[in-house]
Amino acid sequence: MAYSMYAGKEHAATYWKYRISPPDQFVQKILDMLEKQKDGTFQLAVDVGCGSGQGTVLLAKHFTSVVGMDGSAAQLELALKHNKEGNITYRQSIAEELPFADSSADLVTAMSAFQLFDRPRFLQEAHRVLKPGGCLALLCFSVDTMELNYPNCCPDTINQVCKEFYEALKPYRCAHIRDGSIELYLEAYASIPYAEKEWQECVLVRKSMPLSSYMGMVESFSSYQALLREDPQRAEGLSRDVCQRLMTIMKVTSADVEVEVTVRYFYLLASKP
């Protein structure tokens with residue numbers, strides 16, 4: 001079963017504004033694997049569950065053509081609005097029925113989306129669409145291990161508040177990812193029969209941003225949006241309380257203060273024989 005989590009226009013706008021781009025080293029790892037198997041120009045990359053295109057744009061300079069695909073018209077509207085790359089196109093389509101010919105793509109990737117698909121069906125489709133020597137690349141990050149740092153502030157104290165925030169949202173996640181999605185990716189890695197494959201469990205990406213943007217990023221998560229739909233007053237109160245507690249610990253009076261956010265990514269790569 002596939003899940004649609006980011007369909008609404010307001011949610012899509014929050015997603016585009018606050019979600020951070022996937023790490024550059026992930027794209028480089030994809031290129032490294034492709035270069036082991038193939039010579040010359042890489043033709044087609046397919047980004048499945050592309051959302052508003054934060055990851056799609058990273059592929060543009062490495063492939064002749066890039067197609068971002070998502071089931072949400074609202075997400076694709078934003079992707080198209082902000083697209084500045086002539087070789088990127090976007091299509092509305094589900095992950096389990098990719099509109100491409102057999103053995104036509106050099107890359108099929110899903111960045112922070114695979115856990116929402118009908119995973120066995122998607123893996124079958126990715127295998128069908130990939131050329132021999134093509135790369136399947138799946139990336140995600142661990143919500144529960146996101147951390148904040150602020151100068152002269154005890155990391156344990158500040159991140160205890162963050163952990164309580166994530167824990168309060170956990171009941172509003174999709175049931176199948178309530179305890180996190182990393183196990184779903186490990187299962188996929190084990191099930192892929194390709195000889196050439198790679199698993200990386202911890203890629204740390206550190207990014208400076210205003211505290212307000214960190215709050216916005218968490219508010220873009222499907223779990224927060226589910227709480228917001230169910231009980232807007234409770235959701236907004238929770239976010240406001242967490243932000244105030246963090247500002248108190250940091251001894252600041254504005255959420256515009258810059259903090260460092262650490263995001264832990266994990267990924268799998270697999271080269272089709």
Side-chain angles (χ1 to χ4, degrees), residues 2-23 26 47-58 68 70-83 90 110-117 139-148 159 161-174 177-178 180-182 205-243 246 255-256 258-266:
Y3 298 82
S4 178
M5 308 297 295
Y6 305 96
K9 284 195 172 185
E10 289 185 8
H11 190 184
T14 301
Y15 187 99
W16 182 85
K17 183 175 181 180
Y18 293 113
R19 285 295 179 100
I20 62 175
S21 298
F26 176 61
D47 182 16
V48 187
C50 67
S52 46
Q54 287 95 330
T56 317
V57 297
L58 300 179
D70 203 275
S72 166
Q75 290 276 14
L76 292 175
E77 182 179 337
L78 284 170
L80 285 165
K81 178 180 178 180
H82 296 284
N83 181 31
Y90 290 98
M111 307 184 212
S112 301
F114 173 70
Q115 69 274 15
L116 303 175
F117 302 161
L139 170 82
C140 199
F141 63 91
S142 179
V143 172
D144 295 331
T145 59
M146 285 174 50
E147 294 186 346
L148 283 186
N159 284 300
V161 176
C162 297
K163 289 177 182 177
E164 290 172 14
F165 194 11
Y166 309 148
E167 194 64 28
L169 297 176
K170 189 176 286 187
Y172 297 92
R173 293 179 188 170
C174 279
I177 57 171
R178 193 153 292 161
S181 56
I182 191 169
V205 175
R206 294 178 174 86
K207 185 175 178 65
S208 293
M209 65 180 70
L211 176 61
S212 58
S213 292
Y214 162 76
M215 297 301 301
M217 181 164 62
V218 179
E219 290 169 6
S220 77
F221 294 162
S222 59
S223 53
Y224 180 86
Q225 293 291 318
L227 174 57
L228 187 65
R229 290 191 296 272
E230 179 180 293
D231 190 339
Q233 187 173 359
R234 183 183 172 199
E236 292 164 3
L238 173 65
S239 181
R240 187 167 53 246
D241 177 64
V242 167
C243 188
L246 291 172
D256 292 334
E258 289 282 314
V259 296
E260 183 185 72
V261 180
T262 301
V263 182
R264 175 189 164 191
Y265 285 89
F266 51 89

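When a residue number appears, it is its place in the shown sequence, counting from 1. Small disclaimer: the values here were computed from a predicted structure and weren't measured.
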What are the two closest non-hydrogen atoms of [X] and [Y], and how far apart are they?
X	Y	result
Ala79	Gly51	CB-O, 4.0 Å
Pro23	Val205	CB-CG2, 3.5 Å
Ala226	Tyr172	CB-O, 3.7 Å
Ser112	Phe141	OG-CD2, 3.6 Å
Gln54	Ser21	O-OG, 3.8 Å
Asp70	Gly49	OD2-C, 3.3 Å

To the nearest 0.5 Å, what is the distance between [atom1] on [X] and [atom2] on [Y]?
X	Y	atom1	atom2	value
Leu246	Tyr214	CG	OH	6.5 Å
Met209	Glu258	CE	CD	9.0 Å
Ser181	Phe266	OG	CZ	4.0 Å
Thr145	Tyr265	OG1	OH	11.0 Å
Leu228	Ser239	CG	OG	9.5 Å
Phe165	Met146	CZ	CE	9.5 Å

**Prompt:** Under the side-chain contact (heavy atoms from CB on, under 4.5 Å) criterion, do Val261 and Met217 qualify, and how do the steps go?
**Reply:** CA-CA 11 Å; Val261 180; Met217 181 164 62; 4.0 Å; yes
If we ignore hydrogens and angles and just use 3.5 Å, is the side chain of [X] paired with the main-chain N or O of [Y] as donor and acceptor?
X	Y	result
Gln75	Ser52	yes
Asn159	Leu148	yes
Gln225	Glu219	yes

Determine whether [X] and [Y] make a side-chain contact, defined as any pair of heavy atoms from C-beta on separated by less than 4.5 Å.
X	Y	answer
Tyr90	Thr56	yes
Cys243	Leu211	yes
Arg173	Val143	yes
Val218	Leu169	yes

**Request:** Let me see the working for Lys207 and Val263 under side-chain contact (heavy atoms from CB on, under 4.5 Å), right down to the final yes or no.
**Result:** CA-CA 8 Å; Lys207 185 175 178 65; Val263 182; over 6 Å; no
**Message:** Please evaluate residues Val48 and Phe114 with respect to the criterion side-chain contact (heavy atoms from CB on, under 4.5 Å), reporting the C-alpha separation (whole Å), side-chain torsions for both, the decisive distance (0.1 Å), and the verdict.
**Reply:** CA-CA 8 Å; Val48 187; Phe114 173 70; over 6 Å; no
